[in-house]
*Asks:* 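Sharing a structure below in structure tokens format, with a few things to ask.
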Amino acid sequence: MNLLQEVNGAKRIGISGHVRPDGDCVGACLSLWQYLKKNLPQAQVQVFLQRPAAIFQELTGYDEIVDDFPEEESFDVFFALDCNEERLGDAVKYFQNAKKRINIDHHVSNSGCGDVNWICPEIGSTCEVLFDLMDEESLDRNLAETLYTGIIHDTGVFQYSNTTPETMMKGAKLISYGFDFAKLIEESFYQRTYIQSQIMGRTLMESIRFLDDRCIVSVVSRKVMDFYHAQPKDLDGIVNQLRNIKGVSCAIFMYESDVQEYKVSMRSDENVDVARVATFFGGGGHVRAAGCTMKGTFHDCVNNLSLHIERQLKERHGH
């Protein structure tokens, strides 16, 4: 796929990613924005996203993000990055009305929703997919930093199983542009606010192990969210912390998003394919990291999830 050829002659180009944008989504949208602005100075290029976390505010283009989704005349080209059409939220109207729709992603659960689709499930992040599509001459310090942000967030700073030798080489290439990558990793990946640390501590304290301690689950209720004045973005990283507990093959973290409705995040080791579980309940994601929304009581949700997880653990170990 030739990115610049695909947008050749376009005067108005729009870019969006999924609701509750994470590091890869933000990095991909802002990287593509920088790249197109640089190569097509005559075109109008806009990014539409729910306002991303403040940890990304140093990235070039952050202040240009449109987060109120106004009525717009139709775009010549509109990009859906790091997701399929269903997860675009309020930006879906721009995508559907565009003259040409392009979908770039790396999620195995995405079958492609554009007129042009570039889905690479063997690649660890959408930012890495974009790196491969961009001319090296267009790379500069700001663009390198933005691509690197997406790559570290979706590979867990090069520790998840989606990290390949090529990922490491691209990371090395990007840091050669001279941005402060150590500070970027510290501030955007590891740093937690006091509230985030408190709520994580409480979630770990109240977690429950089941299925012979191979599984762990924890939940944050609406009441607890209100007590800490916490937002959903304050819950990032909790599921990974649960998964880090020795002996755990599958971690489930849930928070109450509405009355008897839960957002579910799952992380696993090689014994459980959580994408398979999430897809069954209308969600999706990666083999080791996936999510969905479920209705019912907390116990109903856990019981329904555990049926699928237990089946996989038994298949794996032949019991």
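If you read the sequence from its start, that first residue is 1, and numbering goes on from there.
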*Asks:* Please identify each residue that fulfils side-chain hydrogen bond (donor to acceptor under 3.5 Å, both in side chains) with D180, with sequence neighbours left out.
*Replies:*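 With sequence neighbours excluded, D180 shows a side-chain hydrogen bond (donor to acceptor under 3.5 Å, both in side chains) to no residue whatsoever.
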
*Asks:* Output all residues satisfying salt bridge (Lys or Arg N to Asp or Glu O under 4.0 Å) with D67, sequence neighbours left out; order by chain, then residue number.
*Replies:* R51

*Asks:* Test salt bridge (Lys or Arg N to Asp or Glu O under 4.0 Å) on K295 and E261; report intermediate values, then the result.
*Replies:* CA-CA 4 Å; K295 291 193 187 307; E261 181 184 279; 2.5 Å; yes

*Asks:* With a 4.0 Å cut-off, would you call R276 and E315 a salt bridge?
*Replies:*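 The answer is yes: the pair qualifies as a salt bridge.
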
*Asks:* Please report the interatomic distance CG(L305) to CZ(F281), rounded to the nearest 0.5 Å.
*Replies:* 5.0 Å

*Asks:* Once salt bridge (Lys or Arg N to Asp or Glu O under 4.0 Å) is applied, do any residues pair with K37, and if so which ones, sequence neighbours excluded?
*Replies:*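 With neighbours one apart ignored, the set is empty.
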
*Asks:* Quick one: list whatever passes side chain to side chain contact (heavy atoms under 4.5 Å, CB included) with R209, sequence neighbours left out.
*Replies:* D213, I216, I245, V248

*Asks:* Has the side chain of D24 got a donor or acceptor atom that lies under 3.5 Å from a matching backbone atom of C127?
*Replies:*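 Indeed, once roles are kept as given, a pair shorter than 3.5 Å links the two residues.
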
*Asks:* Going by the rule side-chain hydrogen bond (donor to acceptor under 3.5 Å, both in side chains), which residues pair with Y62 if we only count those two or more places apart in sequence or in a different chain?
*Replies:* none

*Asks:* For the residue pair H107 and D82, establish whether any side-chain heavy-atom pair is separated by less than 4.5 Å.
*Replies:* yes

*Asks:* When you compare the side chain of L30 with that of E64, does any pair of heavy atoms fall below 4.5 Å?
*Replies:* no

*Asks:* Can you give each donor-acceptor pair under 3.5 Å made by side-chain atoms of residues 223-242, sequence neighbours left out, with the distance rounded to 0.1 Å?
*Replies:*
unit_1, atom_1, unit_2, atom_2, d
D234, OD2, Q231, N, 2.8
N240, OD1, R267, NE, 3.0
N240, ND2, Y160, OH, 3.4

*Asks:* Ignoring hydrogens, what is the shortest heavy-atom contact between G284 and A278? Give both atom names and the distance.
*Replies:* N-CB, 3.7 Å

*Asks:* Side-chain donor-acceptor contacts of residues 181-192 below 3.5 Å, not counting sequence neighbours, with atom names and distances?
*Replies:*
unit_1, atom_1, unit_2, atom_2, d
S188, OG, H153, NE2, 2.9
S188, OG, L184, O, 3.0

*Asks:* Crowded around N2 CG? As in, over 12 foreign heavy atoms under 6.0 Å?
*Replies:* yes

*Asks:* Given 3.5 Å as the limit, does a donor-acceptor pair link the side chain of H308 with the main chain of V277, or not?
*Replies:*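 Side chain of H308 to backbone of V277, a donor-acceptor pair under 3.5 Å: no, none is there.
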
*Asks:* Any donor-acceptor pair under 3.5 Å linking the side chain of N39 with the backbone of L36?
*Replies:* no

*Asks:* Any salt bridge (Lys or Arg N to Asp or Glu O under 4.0 Å) pairs touching residues 139-163, not counting sequence neighbours?
*Replies:*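 Pairs touching residues 139-163 that pass the test: K38-D140.
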
*Asks:* Could you work out, with side chain to side chain contact (heavy atoms under 4.5 Å, CB included) as the rule, every residue matching R87, not counting sequence neighbours?
*Replies:*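 Expected list: H18, V19, R20, C83, N84.
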
*Asks:* Can you tell me if D273 uses its side chain to pair, donor with acceptor, with the backbone of A275 under 3.5 Å?
*Replies:* yes

*Asks:* Are I13 and L3 connected in the hydrophobic side-chain network, where two residues link if heavy atoms are under 4.5 Å apart?
*Replies:*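 Yes, one cluster joins them.
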
*Asks:* Are W118 and I102 close enough that some pair of their side-chain heavy atoms sits under 4.5 Å apart?
*Replies:* no

*Asks:* Is the shortest heavy-atom distance from the side chain of T293 to the side chain of Y262 under 4.5 Å?
*Replies:*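 Result no, sub-4.5 Å side-chain heavy-atom pair not found.
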
*Asks:* Of all the heavy-atom pairs spanning Q159 and G156, show the shortest one and how long it is.
*Replies:*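 Minimum heavy-atom contact is CG-O, 2.7 Å.
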
*Asks:* Between R316 and E270, what is the shortest heavy-atom contact and its length?
*Replies:* NH2-O, 2.8 Å

*Asks:* Roughly how far apart are N117 CG and S111 OG, rounded to 0.5 Å?
*Replies:*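 Between N117 CG and S111 OG, I get 8.0 Å after rounding to 0.5 Å.
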
*Asks:* Would you check if E310 and R214 make a side-chain contact, meaning some heavy-atom pair closer than 4.5 Å?
*Replies:* no

*Asks:* Would you sort out whether L49 and I15 count as a side chain to side chain contact (heavy atoms under 4.5 Å, CB included), showing the intermediate values?
*Replies:* CA-CA 9 Å; L49 273 181; I15 301 167; over 6 Å; no

*Asks:* Can you confirm whether or not the ring centre of F179 sits under 6.0 Å from the ring centre of Y148?
*Replies:* yes

*Asks:* Mind jotting down which residue pairs meet the salt bridge (Lys or Arg N to Asp or Glu O under 4.0 Å) criterion with at least one end in residues 113-128? Sequence neighbours excluded, please.
*Replies:* R101-D115, E128-K170

*Asks:* Could you state whether V129 and L4 fall into the same hydrophobic cluster, counting links through intermediate Ile, Leu, Val, Met, Phe, Trp or Tyr residues with side-chain heavy atoms under 4.5 angstrom apart?
*Replies:*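 Yes: a chain of side-chain contacts under 4.5 Å links V129 to L4.
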
*Asks:* Please answer whether the main-chain N or O of D135 pairs with a side-chain N or O of Y35 as donor and acceptor at a distance below 3.5 Å.
*Replies:* yes

*Asks:* What are the two closest heavy atoms between S109 and G285, and how far apart are they?
*Replies:*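 Scanning both residues, the minimum pair turns out to be OG-N, 3.4 Å.
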
*Asks:* Is D76 paired with K99 through a side-chain N to carboxylate O contact shorter than 4.0 Å?
*Replies:*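 Salt bridge between K99 and D76, a charged N being under 4.0 Å from a carboxylate O: yes.
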
*Asks:* Side chains of S218 and R202: does their closest heavy-atom pair fall under 4.5 Å?
*Replies:*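 Side-chain contact under 4.5 Å: no.
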
*Asks:* What is the distance from atom NZ of K263 to atom SG of C301, rounded to the nearest 0.5 Å?
*Replies:* 12.0 Å

*Asks:* Out of curiosity, I65 CD1 to C29 SG, how far, rounded to the nearest 0.5 Å?
*Replies:* 7.5 Å

*Asks:* Not counting sequence neighbours, which residues clear side chain to side chain contact (heavy atoms under 4.5 Å, CB included) with M168? List them please.
*Replies:* F158, T163

*Asks:* Should R12 and Q46 be marked as a side chain to side chain contact (heavy atoms under 4.5 Å, CB included) after you check the CA-CA gap, both sets of side-chain angles, and the distance that decides it?
*Replies:* CA-CA 8 Å; R12 299 190 76 240; Q46 281 176 282; 3.6 Å; yes

*Asks:* Other hydrophobic cluster members with F78, side-chain heavy atoms of Ile/Leu/Val/Met/Phe/Trp/Tyr under 4.5 Å, chained?
*Replies:*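 F78 shares its hydrophobic cluster with F48, V66, F69, F75, L88, V92, Y94, F95.
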
*Asks:* Step by step, work out the side chain to side chain contact (heavy atoms under 4.5 Å, CB included) result for S249 and L313.
*Replies:* CA-CA 9 Å; S249 281; L313 287 170; 4.2 Å; yes

*Asks:* Just wondering, do M169 and T167 contact through their side chains at under 4.5 Å, heavy atoms?
*Replies:*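 Sidechains of M169 and T167: no contact.
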
*Asks:* Could you tell me whether the side chain of D300 and the main chain of G296 form a donor-acceptor pair under 3.5 Å?
*Replies:*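 Such a contact is absent between D300 side chain and G296 backbone.
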
*Asks:* Say whether M1 and L147 are linked into one hydrophobic cluster, either directly or through other cluster members, by side-chain heavy-atom distances under 4.5 angstrom.
*Replies:* yes

*Asks:* Mind running salt bridge (Lys or Arg N to Asp or Glu O under 4.0 Å) on K100 and E6 for me, showing each step along the way?
*Replies:* CA-CA 9 Å; K100 182 178 189 177; E6 293 295 347; 2.7 Å; yes

*Asks:* For the residue pair A289 and V274, what are the closest heavy atoms and their distance?
*Replies:* N-CG2, 3.5 Å

*Asks:* Please determine whether the number of non-hydrogen atoms from other residues, nucleotides or ligands lying under 6.0 Å from atom CD of E71 exceeds 12.
*Replies:* no

*Asks:* Side chains of R243 and R288: closer than 4.5 Å at any heavy-atom pair?
*Replies:* no

*Asks:* Evaluate the criterion side chain to side chain contact (heavy atoms under 4.5 Å, CB included) for residue pair T146 and Q34; output intermediate values, then yes/no.
*Replies:* CA-CA 9 Å; T146 313; Q34 290 174 51; 2.8 Å; yes

*Asks:* Quick check: closest heavy atoms across I151 and S125, and the distance to 0.1 Å?
*Replies:*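 Nearest heavy atoms, I151 then S125: CG1-OG, 3.5 Å.
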
*Asks:* Between E72 and K93, is the closest basic N to carboxylate O distance under 4.0 Å?
*Replies:*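 No, this pair does not count.
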
*Asks:* Under a single-linkage definition using a 4.5 Å side-chain heavy-atom cutoff for Ile, Leu, Val, Met, Phe, Trp and Tyr, are L81 and V108 assigned to the same hydrophobic cluster?
*Replies:*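 No, it is not one cluster - the side chains of L81 and V108 are not joined through contacts under 4.5 Å.
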
*Asks:* Do I309 and F253 share a hydrophobic cluster, counting only Ile, Leu, Val, Met, Phe, Trp and Tyr and linking them when any side-chain heavy atoms are less than 4.5 Å apart?
*Replies:*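 Looking at the clustering, F253 is in a separate group from I309.
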
